[in-house]
2 protein chains.
Amino acid sequence: MRDDPHLDGHERLTASGRERIARTTLHDELVARLRDLIVEGELAPGTRVPERILCERFGVSRTPLREALKVLASEGLLELLPNRGATVARLTVADLEELFPVMGALEALAGELACARISDEEIAEIRALHYQMVLHYTRRELPAYFRLNQSIHERIMTAAGNPTLARMYRSLAGRIRRARYIANMSRARWERAVEEHEAILDALARRDAPRLARILKQHLQNKYETVKESLQAQDGTASQDDRRRPSHSA
Amino acid sequence: MRDDPHLDGHERLTASGRERIARTTLHDELVARLRDLIVEGELAPGTRVPERILCERFGVSRTPLREALKVLASEGLLELLPNRGATVARLTVADLEELFPVMGALEALAGELACARISDEEIAEIRALHYQMVLHYTRRELPAYFRLNQSIHERIMTAAGNPTLARMYRSLAGRIRRARYIANMSRARWERAVEEHEAILDALARRDAPRLARILKQHLQNKYETVKESLQAQDGTASQDDRRRPSHSA
DNA sequence: TCATTATGAATTGCATGCAATCTCTTGTGG
DNA sequence: CCACAAGAGATTGCATGCAATTCATAATGA
């Protein structure tokens, strides 16, 4: 049970106060909230998601909800079987093997584009985030590290100034992020990741587009290796446990 | 005036990967058919698309239609304004400037992956398509050339064996394809494009992944230049005309 | 004449209802 | 005891209805 799972319900929105974002329609709001629920892991992969449950949870009727389900299915977060309802898409090793190279290509492109457009100030901001991230690394604070890490990649993506690219990136990132609960970085991996980030920052500061692209691509490749090993190790020990949700750590 | 009301029996196999079941639901079928209508240019960019019209056209009620509209909007083919209905998304020069680099990155990745997996037989098939395309080039048969061209890129994408990548690629390709009506290739550009395709085939046959990636990326970049020049030339002569009707000349 | 407003029609957003399909339990025969 | 079938209950797919918003057109006033 989460905090205030109900939308405004029947009470018609009076545009005063309560709405932070200018989200005008119910289905758009539902898409956003359901996506969060899935990406944040509250709705575990493989879970069946009956319309009725969600309708009650959000206090809406089935029509806008179903519209939202269709959108999320087209994003790959849900699987929709005709007459059989929606299930949260599972994330198999095969899926990750597909997703990471694409992420790598998109991030590499973002890096290239960013090199051509980024301002000194933006670089300074990223540098600040970077060293804060390094601090969390030295303190072994994984959740905070993840948050900063994600933030840095997000900044580079923004600096690329290509909304289409950013949209695709975020879509993939949302799918992949669900895997972070199951990826246990070894000490060595973590150190290497930080080193790579150091190189990313350096290439970005020098506006060395080809190098940044190469590093980012490799960075994603390594990330995949980490996740894959971790996943395979878990498969060996606890085969069915991925159905249950590990603790919320990030 | 419902054209072809038997939507259900269609069984389109556009499925990349996991969709084994034939399309049985109305909204899925509607998504596919509406997408075709938009991509093929039958629904011109900027056109308002009232639900009522589409309902009559397809002989369905508003519920499944609206579900389809939401999905197409999330793909970027439609723009949905709250309480104001759907319009076919316009394709501005700025949009193309965003789309082509992403396409380039995705195709480059596809080329790389394909080099690692493609069979001799698949290469032979692509070679056959290539030379048929060249034939159409020598005969100056643009529509047929386009078709074969598209087919070749599609084959490379398939050979990459990455359904996620393919899905993103097709989504972008659908959006970009609508621009082909307005892109007039000069003789020199066309020749160069064919040369590039020659190089693509060569790199693929040698499984030279880095080179293929480089060529594909450049190929897309050149394509963008072509479209851009053509578009700017048209902007010069008929500044506002693209708002009303793009010429149907495929 | 032009700008502004008022009013009715059309369109959208959402809720609800009904038929078709699926699921799960119970019962029957081998 | 197991396999299979039948039926009730639940769930999905789609159509329709109603309220709210937008759009179009006419009317009013400066």
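Residue numbering restarts at 1 for every chain, and letters A, B, ... go by the order of the sequence lines.
- One interatomic measurement links the two molecules: CZ of B/R52 to C1' of D/dT22, which rounds to 17 Å at whole-angstrom precision.
- Distances shown here put a side-chain N or O of A/S61 below 4.0 Å from the OP1 or OP2 atom of C/dA15.
- Contact annotation: B/R62 side-chain N/O to C/dT12 OP1/OP2 distance is not under 4.0 Å.
- For A/L54 and C/dA15, the CG to C1' distance is 17 Å, given to the nearest whole Å.
- Judged purely by distance below 3.5 Å, without hydrogens or angles, the side chains of A/Q150 and A/E154 never pair a donor atom with an acceptor atom.
- As a whole-Å value, the separation of B/D28 CG from D/dT12 P is 16 Å.
- Taking atom CZ of B/R66 as the reference point, atom C1' of D/dA15 lies 14 Å away to the nearest angstrom.
- As rounded to whole Å, 12 Å separates atom P of C/dA20 from atom CG of A/N83.
- Here D/dC14 presents its P atom at 16 Å from CD of B/E51, a figure rounded to the nearest Å.
- Distances shorter than 4.0 Å separate none of the side-chain N or O atoms of A/H27 from OP1 or OP2 on C/dG13.
- Here C/dC22 presents its C1' atom at 12 Å from CG of A/L81, a figure rounded to the nearest Å.
- Residue B/T63 places a side-chain atom within donor-acceptor reach of the base of D/dT16, judged by atom type and a 3.5 Å distance cut-off alone.
- For B/K70 and D/dC14, the NZ to P distance is 15 Å, given to the nearest whole Å.
- In this structure, A/R66 pairs ionically with A/E51, as a charged nitrogen and a carboxylate oxygen lie closer than 4.0 Å.
- Salt bridge absent: B/E107 and B/K217 never bring a charged side-chain N and a carboxylate O closer than 4.0 Å.
- An OP1 or OP2 oxygen of D/dT11 is reached within less than 4.0 angstrom by no side-chain nitrogen or oxygen of A/R84.
- For B/R57 and B/E42, the salt-bridge test passes: some basic side-chain N is under 4.0 Å from an acidic carboxylate O.
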